[in-house]
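Scroll down for the structure; my scribbles are underneath it.
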Protein chains: 2
Amino acid sequence: MARNYELDDTDRKILALLIEDAKIPYTEIARKVHVSGGTVHVRMARLEELGIVKGATLKLDYQKLGYGVSAFLGIYLLKSSVYASVVEQLREIPEVVSIHFTTGAYGVFARLVCRDTQHLRDVLHDKVQLIEGIERTETLISLEEAMNRAIQLQ
Amino acid sequence: MARNYELDDTDRKILALLIEDAKIPYTEIARKVHVSGGTVHVRMARLEELGIVKGATLKLDYQKLGYGVSAFLGIYLLKSSVYASVVEQLREIPEVVSIHFTTGAYGVFARLVCRDTQHLRDVLHDKVQLIEGIERTETLISLEEAMNRAIQLQ
DNA sequence: GTTGAAAAATTCCGCCG
DNA sequence: CGGCGGAATTTTTCAAC
């Protein structure tokens, strides 16, 4: 499941460039990596085939889109067997953007993105608190996202 | 700073499609949104001009890339005035992918992505613990990322 | 906001080292 | 076999309306 695939230097260089900007043309990547455009195409097709590349998405300024409040939620479960069910129910909430199963006090750790603190309050009260299997939650409101980037390969 | 820009339904539909897959051609978006290709182009140019769209990036399976361990770090600061300096120093650590200024006990909350628990241990001990201004940290290791998605517009 | 046409990129395939 | 190069198709890009 967590296998490590054989990636060569060309693969990593291609990925590093596309992580920075997924819209740069393959022909330009080809020039920078010193291979042909066809090769970039073949390498990307293989990386997608392997499931390493799952697609591309936009980098957005959520603040400017009106989603200025983000929060982390530490969730205490009534018993650990409800994990899968709680995840399913969290997934149904559009404001939940990521869910982690973590070590430590919390069983589940989630991140929410909301328009404002009122919206966050509503989501917590009307959606999260109603989920079966949750004992209680601790909320950490992010007042400012000082940084957010993709991992650097190598 | 946190202004709300006027986006119409067309803008939102275009963004929603590109969030799903930033590589679909503007011509295809045009068909789905019932406008011309030129209009999609103009709308995206404006959204980039406004800074709402900051670019595009790849969606990757970090597990398969050999980065299977992710952790959240609650950081207690010696005094709140060191915030900016601590953020600067965290930014220098390649394994740190996001930094938040939060309410609650921690002054700073960060996320790290590492190859394995040994790598995480090394980063915490050799890099994070050396930062001036940090009193102590609490680590939450994510054993599994059950979900990770972009926010849904509307 | 649309159209249409030039420029560029993608994509595929036969060939070669 | 993996990489290269060229050609057909599609997309991007932009000016005129």
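Reminder, nothing fancy here: chain letters follow the sequence lines and each chain counts from 1.
B:Phe109 belongs to a hydrophobic cluster whose remaining members, ordered by chain and number, are A:Phe72, A:Tyr76, A:Tyr106, A:Phe109, A:Leu140, B:Phe72, B:Tyr76, B:Tyr106, B:Leu140; membership requires side-chain heavy atoms of ILVMFWY residues under 4.5 Å apart, directly or through intermediates.
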Using a 4.0 Å cut-off on protein heavy atoms (strictly under), produce a 5'-to-3' string for nucleotides 12-17 of chain D with B for base contact, S for backbone-only sugar-phosphate contact, and - for none.
BSB---
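In this view, B:Glu88 and B:Arg91 satisfy the salt bridge (charged side-chain N to carboxylate O under 4.0 Å, His left out) rule, not counting sequence neighbours. For B:Val97, the side chain to side chain contact (heavy atoms under 4.5 Å, CB included) test picks out A:Ile151, B:Arg111, B:Val113, with sequence neighbours left out. For B:Val86, the side chain to side chain contact (heavy atoms under 4.5 Å, CB included) partners at least two apart in sequence or on another chain are B:Leu77, B:Val82, B:Leu90, B:Ile131, B:Ile134. B:Phe101 meets the ring pair (Phe, Tyr, Trp, His ring centres under 6.0 Å) test with B:Tyr83; sequence neighbours excluded. Under the rule for a side-chain hydrogen bond (donor to acceptor under 3.5 Å, both in side chains), the partners of B:Gln118 that lie at least two apart in sequence or sit in another chain are B:Asp122. When the side chain to side chain contact (heavy atoms under 4.5 Å, CB included) test is applied to B:Glu132, the partners found at least two apart in sequence or on another chain are B:Gln89. For B:Glu49, the side chain to side chain contact (heavy atoms under 4.5 Å, CB included) criterion is met by no residue, not counting sequence neighbours.
OP1 or OP2 of D:dG3 lies within a sub-4.0 Å distance of a side-chain N or O belonging to A:Arg43.
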Identify every side-chain donor-acceptor pair in residues 22-31 of chain B under 3.5 Å, counting partners at least two apart or on other chains, and give the distances.
none

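Residue B:Val35 is classed as a sugar-phosphate contact, given heavy-atom separations below 4.0 Å to backbone atoms only.
When DNA chain C is scanned in the 5' to 3' direction for atoms under 4.0 Å from non-hydrogen atoms of chain B, the outermost contacting nucleotides are C:dG1 to C:dT3.
When hydrophobic clusters are built by joining Ile, Leu, Val, Met, Phe, Trp and Tyr residues whose side-chain heavy atoms come closer than 4.5 Å, directly or via intermediates, A:Tyr62 is not grouped with A:Leu143.
Taking the C1' atoms of five terminal pairs at each end of the helix from C:dG1-D:dC17 to C:dG17-D:dC1, the two resulting helix axes are inclined by 30°, rounded to 10°.
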